[in-house]
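Accompanying notes for the structure given below.
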Amino acid sequence: MSTHPSSPAAPMTSLVSAKKKAQLLPTQAFQAKLFHWINLISLIIMTASGLQIYNANPVFGGRAGWHFPDLFLLGGWLAGGRKWHFAAMWFFSLNLLWYGVYVFVSRRWQRRYASASDLQVLQTGQNPKRKNYAWHRVAYTAIIPVLLLAILSGLAMYKPAQFHWLSALFINWQTLRTVHFITVPVVLLFTLAHSFLALKVGNFRLVKSMFT
Amino acid sequence: MGLILPQSGLSRRRLLQISGLSGMGVLMGGCGTSLFADRVGQTFEPLNQIVEEALLSQNPVPEFSSSAIEPDQLLINTFDMTPQLDPLQFRLTIDGEVGRPMQLSMADIQAIPLTSMVIRHVCVEGWAAIVQWGGVRLQDLIQLAQPKPGARYVYFKSADGYYESWDLASSVHPQTLMAYQKNGQPLPIENGAPLRLAAPIKLGYKQSKWVTQITLVNELLPTKGYWEDFGYEWFGGI
């Protein structure tokens, strides 16, 4: 590195700031990155094939009901949609399972998820940055039961005879179908909120750190 | 380009990531054909079938009360035409890997004790209906015909050309019926009169209507069922 002798401060400053920047770059556990990748891809497949299945007999309105356009569908027809759906279900649910075990065993759940202090900040906090941080933690904590609900309602519909006790929890068939379907817009809205809040909390470098 | 791209040091990387995501969309759009779905099914359906076979038990599925019956929810699905069968001329053939092949009239079948059940009929399309079915247990018919030890599958031939095949375990489930009654009334023609399959443990397309022949076999044939041969799952257990 060649520096101009008359301005020794310039390279010093940039060196310090580069070092500082390197320290500030967020890093993520490999497990968290792997979970995010598999979750994102399997959820895209689950949703697109799920809408294909939906179209065979729309939850709202039956055969005469509104159908999703081909653009959002995967599988070509009902049988193809089912094949994708019942293949991706393994990746989606087992991914959630191993990550849940990891979060529990690594005690990540104690410091990485919404806590009482986050809720307190949201009620009485004055620091907008701390509030965004709390909102973000609340958002990604709250999606966990929704993902579990997607699996449980799906299982209740996939095997309603063998898991009759599970199906019975959803009152009736229409309610069961509706609950399973509603997880799609909820997860979609969550993905938008999660991305938006991550950008607010840590800019694009935080989002990047989770996927690279 | 400068107008739509954010002016930041990360714009190029971001562009690559966004184009990567949309590239995935194009890829998946191309894979949206049923051809690629068939490959996915060939890979994962064997695993799903192992799970379905493991979940199947010979215990009866809990039934619903008569007041829960949903007469308007049971839609009519038929791949082709509705055959008109004369119940007096009708004969059910049971043959294949059995010691006593037989032909039964409706009178013969109705002489066997009636089993009634109120169960949920689940269609692959996503709708379901709580229905009462009355008829004879398929296990009783199979016992009458004295199945040979090697028999593992059961084929059902229908008067409209529809055909199906089931695993033996599902066929002898206590709630797998050859039904001639629906919701307390004689089975309507459009629902499969005079005799149809009805069970709570399989999807609707497995439950053939207008069944005329039941054949026990040792191995599955290349043709497994009308919809299965187009690509639907063979086991279809629920």
Side-chain angles (χ1 to χ4, degrees), chain A residues 40-41 44-45 47-59 62-63 65 70-91 155-165 167-168 172-174 176-177 180-181 199 203-205 207-208 211-212, chain B residues 6 8-11 13-14 17 20-21 24-25 28-29 31-45 47-48 51-52 54-57 60-63 68 70 73 75 119-120 122-130 173 175 199-202 227-228 230-233 237-238:
Chain A
L40 183 66
I41 294 171
I44 291 170
I45 296 176
T47 304
S49 59
L51 296 181
Q52 178 86 61
I53 297 170
Y54 175 103
N55 269 4
N57 190 280
V59 178
R63 287 173 189 174
D70 285 353
L71 173 70
F72 300 109
L73 310 181
L74 177 64
W77 67 316
L78 174 59
R82 286 174 63 88
K83 283 172 187 175
W84 277 107
H85 208 66
F86 302 138
M89 69 177 183
W90 291 108
F91 294 91
L155 201 55
M157 215 174 350
Y158 185 46
K159 300 291 167 240
Q162 307 306 341
F163 295 123
H164 51 83
W165 46 273
S167 304
N172 60 44
W173 192 256
Q174 183 62 20
L176 175 57
R177 287 195 78 191
H180 192 60
F181 173 74
L199 285 172
N203 299 321
F204 185 66
R205 61 187 185 183
V207 177
K208 201 185 92 176
F211 289 98
T212 54
Chain B
S8 89
L10 288 165
S11 63
R13 194 184 299 267
R14 199 169 187 178
Q17 285 184 338
L21 277 178
M24 198 157 70
M28 282 174 39
C31 298
T33 61
S34 52
L35 195 76
F36 205 89
D38 285 345
R39 293 280 296 277
V40 172
Q42 280 162 13
T43 309
F44 287 93
E45 181 54 20
L47 169 66
N48 294 350
V51 173
E52 289 179 341
L55 285 173
L56 178 69
S57 93
V61 177
E63 296 184 16
E70 303 164 316
Q73 299 295 317
L75 306 182
I119 56 120
R120 180 180 271 141
V122 180
C123 180
V124 69
E125 293 171 343
W127 56 266
I130 295 173
H173 187 275
Q175 288 161 309
I201 54 168
K202 295 265 194 206
W227 287 114
E228 290 86 333
F230 281 104
Y232 282 88
E233 309 103 276
I238 56 171

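Residue numbers start from 1 in every chain, and the chains themselves are labelled A, B, ... in the order their sequence lines are given, proteins ahead of strands.
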ask   = Of the backbone (N, CA, C, O) and the side chain (C-beta and beyond), which part of Glu233(B) lies under 4.5 Å from a heavy atom of chain A, both, or neither?
value = side chain
key: Proximity breakdown for Glu125(B) and chain A, heavy-atom pairs closer than 4.5 Å   = both
query = Any side-chain heavy atom of Glu70(B) sitting closer than 4.5 Å to one from Trp173(A)?
reply = no
key: Test salt bridge (Lys or Arg N to Asp or Glu O under 4.0 Å) applied to Glu63(B) - qualifying residues, sequence neighbours left out   = none
ask   = Is a side-chain N or O of Lys83(A) found less than 3.5 angstrom from the main chain of Gln42(B), in a donor-acceptor match?
value = no
ask   = Contact part of Tyr54(A) toward chain B, heavy-atom cut-off under 4.5 Å: side chain, backbone, both or neither?
value = neither
message = Is Leu56(B) in contact with chain A via its backbone, its side chain, both, or neither, using a 4.5 Å heavy-atom distance?
response = both
task = Measure Trp165(A) against the heavy atoms of chain B and call it side chain, backbone, both or neither at under 4.5 Å.
result = neither
key: Contact summary for Val59(A) and Phe181(A), nearest pair of heavy atoms   = CG2-CB, 4.3 Å
query = Looking at Ser167(A), Gly62(A), Pro160(A), Ala168(A), which has the largest count of heavy-atom pairs under 4.5 Å with chain B?
reply = Pro160(A)
inquiry  = If you count heavy-atom pairs within less than 4.5 Å of chain A, which of Leu47(B), Thr43(B), Val61(B), Leu55(B) leads?
reply    = Leu55(B)
inquiry  = If you count every heavy atom of other residues, nucleotides or ligands that lies below 6.0 Å from Phe44(B) atom CZ, does the total exceed 12?
reply    = yes
ask   = Between Phe230(B) and Trp227(B), what is the ring plane arrangement, given parallel below 30°, perpendicular above 60°, and tilted in between?
value = tilted
